[in-house]
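Take a look at the structure below.
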Amino acid sequence: MRKTPFLLSVICLFLFAPAAAAQAPPKVLVFDREEIKPGKFRDHVRESNHFARVLAKAEETGQPAYHRVGMSPIAGNTNEAAYVWFFDSLDAWARSQQDIERWLSTPGPVQTYFEQLTGPLRGREDLHTSQRSTVGVLHAPLSYNAGRDVTKARYITVTTFRVKPGHVGDFMRVAQTYIGAMRKMKSDHHWAMYEVVGGGRDSVYLAVTPMESLAEMDKLVTSGGEFVKAMGEDLDDFEELIAKTIDPSETTIYAINPHMSFVPKRFHEADRAFWGRPLPPDDAPAATTASRAHRTAGRRRAQR
């Protein structure tokens, strides 16, 4: 049996490595993606940190707690900032929008604290060139080993599957066939699949995984042969089904930025050193993942 580049890419998109303790995945994820003006990413990290501190202040004053993980891509658009918000329902997401708007627009301790950090909203530079939100609902039958401890995650991979019109049923078959192969392999890979219900075209699915390190993705090199063996004579039919079902997919690898995040206390308890890192001073060199990626790429080009 042969393994085509297309099949290899699908294996990569679904490949997620093991974690330790069980933790049910959120029922609703909201992905906010923000395009940052060139040269302004460091300023945006500080601005994002202010907002994360406002979320913490709101919780301190007895308001509902809304958590998010802030990230920047290491494979993808490095001028992008992204956030993942967690909710139990779509209604809870709607309430969060109303609560945050109220906190920032109504006189009170949260608004006062926010303006002490940032100054009044008017007159501040907008660091964004575009902003977009996508909301997804957990699709448990298309997920595999999704309940994982995510408190020590340092990276999040998001793969977007765009299903061709009229082929949602075929996509279900693709995913279930792949899951069957994973079970046959007794694989401990894991992913959570979310169906986009807002902010994107119909029949879009997002495969999401947290990773403690990118070494977990290296398992692709050794697991490909095992997958081909597990599929056996069904491999060619599987490839053909993929080709007629899924448009070209896209994977972005994000590095988690603690300065841009407001996470539950259990995250801090798992790794206080990471989540409690202070922001660098204003006159310090930029320390974002995106800026480090740019510098690394520049050194590599210079060496060529």
Side-chain angles (χ1 to χ4, degrees), residues 1-27 29 75 84 136-150 152-164 167-196 203-254:
M1 290 291 178
R2 56 188 175 85
K3 180 172 61 181
T4 67
F6 189 89
L7 176 59
L8 184 64
S9 68
V10 171
I11 294 174
C12 183
L13 297 179
F14 277 113
L15 180 68
F16 304 113
Q23 183 70 39
K27 295 179 181 178
L29 287 187
V84 178
V137 175
L138 180 68
H139 201 307
L142 303 188
S143 304
Y144 181 70
N145 287 346
R148 297 294 183 180
D149 177 28
V150 297
K152 294 186 178 181
R154 298 295 174 264
Y155 300 90
I156 293 178
T157 301
V158 179
T159 297
T160 303
F161 293 97
R162 299 174 179 87
V163 180
K164 296 179 181 179
H167 287 277
V168 171
D170 289 330
F171 180 71
M172 304 292 176
R173 289 172 55 201
V174 167
Q176 292 294 342
T177 299
Y178 189 86
I179 289 172
M182 293 295 99
R183 289 174 176 156
K184 188 174 181 179
M185 294 163 56
K186 298 182 179 179
S187 172
D188 55 7
H189 303 328
H190 69 277
W191 66 86
M193 189 74 76
Y194 288 83
E195 180 178 0
V196 172
S203 304
V204 173
Y205 296 80
L206 306 174
V208 181
T209 185
M211 297 180 292
E212 291 189 25
S213 78
L214 292 185
E216 297 177 9
M217 296 188 71
D218 290 332
K219 290 194 172 183
L220 169 65
V221 177
T222 57
S223 67
E226 296 177 22
F227 175 80
V228 171
K229 183 178 179 180
M231 289 297 300
E233 295 181 356
D234 295 328
L235 181 60
D236 288 337
D237 290 340
F238 180 65
E239 288 187 271
E240 291 177 5
L241 184 60
I242 289 173
K244 77 174 186 179
T245 299
I246 306 172
D247 282 331
S249 302
E250 179 181 357
T251 298
T252 304
I253 304 172
Y254 294 97

**OP:** Could you check Ile253 against Leu214 for side chain to side chain contact (heavy atoms under 4.5 Å, CB included), going step by step and ending with a plain yes or no?
**Re:** CA-CA 9 Å; Ile253 304 172; Leu214 292 185; 3.8 Å; yes
Subject >> For Lys152, all residues meeting side chain to side chain contact (heavy atoms under 4.5 Å, CB included), sequence neighbours excluded >> reply: Glu212, Ala270
Original post:
Is there a side chain to side chain contact (heavy atoms under 4.5 Å, CB included) between Leu142 and Glu195 once you walk through the steps?
Top reply: CA-CA 10 Å; Leu142 303 188; Glu195 180 178 0; over 6 Å; no
Original post:
Roughly how far apart are Glu239 CD and Met231 CE, rounded to 0.5 Å?
Top reply: 8.5 Å
Original post:
Can you name the nearest heavy-atom pair linking Ala75 to Thr252, along with the distance?
Top reply: O-CG2, 3.3 Å
**OP:** Report yes if the side chains of Val208 and Ile156 come closer than 4.5 Å at any heavy-atom pair, otherwise no.
**Re:** yes
Original post:
Nearest 0.5 Å, what's the CE-NE2 distance between Met193 and His139?
Top reply: 9.0 Å
Original post:
At their closest point, which heavy atom of Leu138 faces which heavy atom of Pro25, and how far apart are they?
Top reply: CD2-CG, 3.9 Å
Subject >> Backbone N/O of Pro141 and side chain of Gln176: donor-acceptor pair under 3.5 Å >> reply: yes
Original post:
Are Leu206 and Phe161 close enough that some pair of their side-chain heavy atoms sits under 4.5 Å apart?
Top reply: no
Subject >> ring pair (Phe, Tyr, Trp, His ring centres under 6.0 Å) partners for Tyr144, two or more places apart >> reply: Trp191
**OP:** Can you sort out the partners of Asp170 under side-chain hydrogen bond (donor to acceptor under 3.5 Å, both in side chains), two or more places apart, ordered by chain and number?
**Re:** His167, Arg173
Original post:
Do other residues, nucleotides or ligands put more than 12 heavy atoms under 6.0 Å from Lys229 NZ?
Top reply: no
**OP:** Measure centre to centre between the rings of Phe171 and Tyr205, then say whether the value is under 6.0 Å.
**Re:** yes
Original post:
Does any non-hydrogen side-chain atom of Arg154 lie less than 4.5 Å from one of Ser213?
Top reply: no
Subject >> For Lys186, all residues meeting side chain to side chain contact (heavy atoms under 4.5 Å, CB included), sequence neighbours excluded >> reply: none
**OP:** Tell me, please, which residues at least two apart from Val84 pass side chain to side chain contact (heavy atoms under 4.5 Å, CB included).
**Re:** Leu29, Phe31, Met71, Phe86
Subject >> Met211 side chain reached by Thr157 side chain, heavy atoms, under 4.5 Å >> reply: yes
**OP:** For the residue pair Asp234 and Thr177, establish whether any side-chain heavy-atom pair is separated by less than 4.5 Å.
**Re:** no
Subject >> Gap between atom CG of Asn145 and atom OG1 of Thr209 - 0.5 Å precision >> reply: 10.5 Å
Original post:
Under 3.5 Å, is there a donor-acceptor pair between the side chain of Lys164 and the main chain of Ala243?
Top reply: yes
Original post:
Residues in side chain to side chain contact (heavy atoms under 4.5 Å, CB included) with Ser203, at least two apart?
Top reply: Val163, Val168
**OP:** For residues Phe227 and Leu235, report the shortest heavy-atom separation together with the two atoms involved.
**Re:** CE2-CD1, 4.3 Å
Original post:
Below 4.5 Å, heavy atoms only, C-beta onward: do Tyr194 and Val196 meet side chain to side chain?
Top reply: no
